[in-house]
There are 2 protein chains.
Amino acid sequence: MARTQAEIETAVLAARDLFWRTGFDETSIDDVVAATGFNRYALYSEFGGKREVFLAALDRYHLERKQIFMAGLADEAAPPIDAIRDVFEFCIDEMASRGTGCFMCNVAGEIAARDPVVRERIATYLEQINLAFGMALERAAERGELNTNLSPTDGVRIFVTLIMGLGMAAQHGADRQDMLATLEATLASISPLGDPSARARRKKSVN
Amino acid sequence: MARTQAEIETAVLAARDLFWRTGFDETSIDDVVAATGFNRYALYSEFGGKREVFLAALDRYHLERKQIFMAGLADEAAPPIDAIRDVFEFCIDEMASRGTGCFMCNVAGEIAARDPVVRERIATYLEQINLAFGMALERAAERGELNTNLSPTDGVRIFVTLIMGLGMAAQHGADRQDMLATLEATLASISPLGDPSARARRKKSVN
DNA sequence: CCGAATTCAGAATGGCCGTTCTGATATTAG
DNA sequence: CTAATATCAGAACGGCCATTCTGAATTCGG
């Protein structure tokens with residue numbers, strides 16, 4: 001009797017949480033066994049090996065992130081700056097509660113160098129993020145919600161770098177308040193002076 | 001005959017380059033032997049072990065970075081925004097030519113989690129960066145070179161996160177032009193509209 | 001209820017790597 | 001020049017871990 005799709009998905013989620021928290025090298029197969037509930041035999045016959053479990057976990061993360069970014073940023077109706085803020089707040093909450101940065105970013109230093117497949121997944125992930133932010137920032141520019149110093153491309157660069165920087169900050173122990181303050185500072189920096197949508201929520205969370 | 005200080009320093013520099021490029025776990029003692037020219041015996045009697053060589057390399061990196069940031073940003077006479085740009089350009093050139101991100105940031109995901117000493121070094125490193133940027137941004141605010149949307153603290157958050165984000169970007173294969181463009185976008189975003197010092201150099205390098 | 005196939009848990013395997021050991025070589029002091 | 005000390009290169013050790021193997025337990029078709 002083959003395993004059901006639901007069982008596999010649950011295992012992948014557990015593996016994602018585990019690898020996300022402890023990285024690839026630092027996580028042993030026994031750890032994966034304990035976390036997923038699959039035993040060695042099942043793990044090897046279902047996935048192939050440690051690397052394949054990891055790739056499944058990475059893909060799962062990628063999928064979720066893609067949905068979050070696309071759902072938030074591609075919506076033509078929503079105010080783009082607020083959409084950006086929401087997406088970042090989601091990611092910040094996630095990183096703060098897990099106490100670890102972006103799964104895909106953390107992976108970079110560790111195994112991307114030796115695994116071309118991982119490298120390629122990261123590249124497509126970044127492309128998608130770029131695209132998603134690009135849509136939001138085009139709309140922001142059209143609506144006059146972007147500092148006239150900046151092109152939409154500038155904005156994309158800033159936010160893509162911000163999300164990676166926040167991932168690193170989380171990895172070094174930055175807490176939710178720190179990260180939210182950095183987000184608000186960046187949003188203020190790209191907004192036209194005195195823009196109401198930028199200042200509205202600001203007082204809630206900044207130091 | 002004990003080893004001379006100069007020989008040790010050369011070895012530490014080589015070790016720094018090696019660990020910077022390939023990380024801690026991925027670098028074997030034999031690699032360190034080959035890179036430093038010290039043989040196992042010398043390495044162990046001079047440093048103690050792999051971890052100690054690594055810590056020496058990390059300290060060396062930390063020292064250099066501290067000097068670069070302090071020299072650039074603490075200078076009361078220099079225009080602060082230009083000083084910030086210079087410091088970033090130096091780091092960007094370094095990362096681009098090495099094809100790897102910030103040594104200390106890369107280390108975070110890999111061993112900070114398991115080594116409290118490394119964690120503490122990273123914390124003091126970040127503190128010092130914060131201080132250095134703080135000085136420059138206080139002066140920028142006084143001189144009216146900071147967008148009035150932003151406090152000096154906001155600026156510090158933005159630049160500290162930028163440097164970590166650029167480190168991640170470099171790790172993922174961003175090239176010099178990409179990183180310079182992100183730097184210029186950020187400098188434009190924190191500058192008052194139409195500020196000449198922000199726009200002056202801009203045309204040189206942006207896409 | 002039975003027998004064949006599957007799944008299990010844990011033991012064996014093989015390789016890698018940090019560290020230590022060893023016997024040879026070079027260096028220095030007297 | 002000689003003997004003692006320091007340094008060398010590489011072999012041996014020990015531990016860790018991904019993977020495979022094995023014999024027991026369980027499931028499932030008839």
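Per chain, numbering begins at 1; letters A, B, ... match sequence-line order. This one's a predicted model, so the numbers in the text were calculated from it and none came from an experiment.
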Test applied, ring pair (Phe, Tyr, Trp, His ring centres under 6.0 Å); reference residue, F54(A); option that passes from W20(A), F103(A), F47(A):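 Among the candidates, only F103(A) passes.
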Check nucleotides 8-15 of chain C against the protein and report each pair of N or O atoms closer than 3.5 Å, with its distance, or say if there are none.
unit_1	atom_1	unit_2	atom_2	d
dC8(C)	OP2	R3(A)	NH2	2.9
dC8(C)	O5'	N39(A)	ND2	2.7
dA9(C)	OP2	N39(A)	ND2	2.9

Is it true that E184(B) and R85(B) make a salt bridge, defined as a side-chain N closer than 4.0 Å to a carboxylate O? yes
In plain terms, say whether E138(B) and R143(B) are close enough for a salt bridge, that is, a side-chain N and a carboxylate O under 4.0 Å apart.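 Between R143(B) and E138(B) there is no salt bridge, as every charged N stays at least 4.0 Å from the carboxylate O atoms.
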Which distance, rounded to the nearest 0.5 Å, do you find between the CG of L18(B) and the OG1 of T22(B)?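 Answer for the CG-OG1 pair, L18(B) versus T22(B), is 4.0 Å.
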For the CD atom of Q177(B) and the OG1 atom of T182(B), what is their distance to the nearest 0.5 Å?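 So the CD of Q177(B) and the OG1 of T182(B) are separated by 11.0 Å.
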In whole angstrom, what separates [X]'s [atom1] from [N]'s [atom2]?
X	N	atom1	atom2	value
L43(A)	dT19(D)	CG	P	10 Å
E26(A)	dA18(D)	CD	P	11 Å
R114(B)	dG18(C)	CZ	P	11 Å
E46(B)	dA6(D)	CD	P	14 Å
I29(B)	dC13(D)	CD1	C1'	16 Å
D30(A)	dA18(D)	CG	C1'	10 Å
F47(A)	dT19(D)	CZ	P	13 Å

F19(B) and Y61(B): ring-ring contact (aromatic ring centres under 6.0 Å, His included), yes or no, with the steps? CA-CA 11 Å; F19(B) 282 123; Y61(B) 177 83; over 10 Å; no
Which of residues 48-58 of chain B have a heavy atom under 4.0 Å from DNA chain C?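 Of all residues in residues 48-58 of chain B, the ones placing a heavy atom under 4.0 Å from DNA chain C are G49(B), K50(B).
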Using heavy atoms and a sub-4.0 Å distance, could you list which residues of residues 8-25 of chain B are near DNA chain C? By number, please. none
Suppose we screen for side chain to side chain contact (heavy atoms under 4.5 Å, CB included). Which residues come up paired with L131(A), at least two apart in sequence or across chains? none
Where the side chain of E110(B) meets the backbone of G23(B), is there a donor-acceptor pair that is under 3.5 Å apart? no
Could you walk me through whether F88(A) and F133(A) pass the ring-ring contact (aromatic ring centres under 6.0 Å, His included) test, one step at a time? CA-CA 11 Å; F88(A) 270 99; F133(A) 278 114; 5.7 Å; yes
Partner set under salt bridge (charged side-chain N to carboxylate O under 4.0 Å, His left out) for R114(A), not counting sequence neighbours: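 Applying salt bridge (charged side-chain N to carboxylate O under 4.0 Å, His left out) to R114(A) gives D25(A), E26(B).
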Kindly write out the residues that satisfy salt bridge (charged side-chain N to carboxylate O under 4.0 Å, His left out) with R60(A), not counting sequence neighbours, or none if the list is empty. E9(A), E64(A)
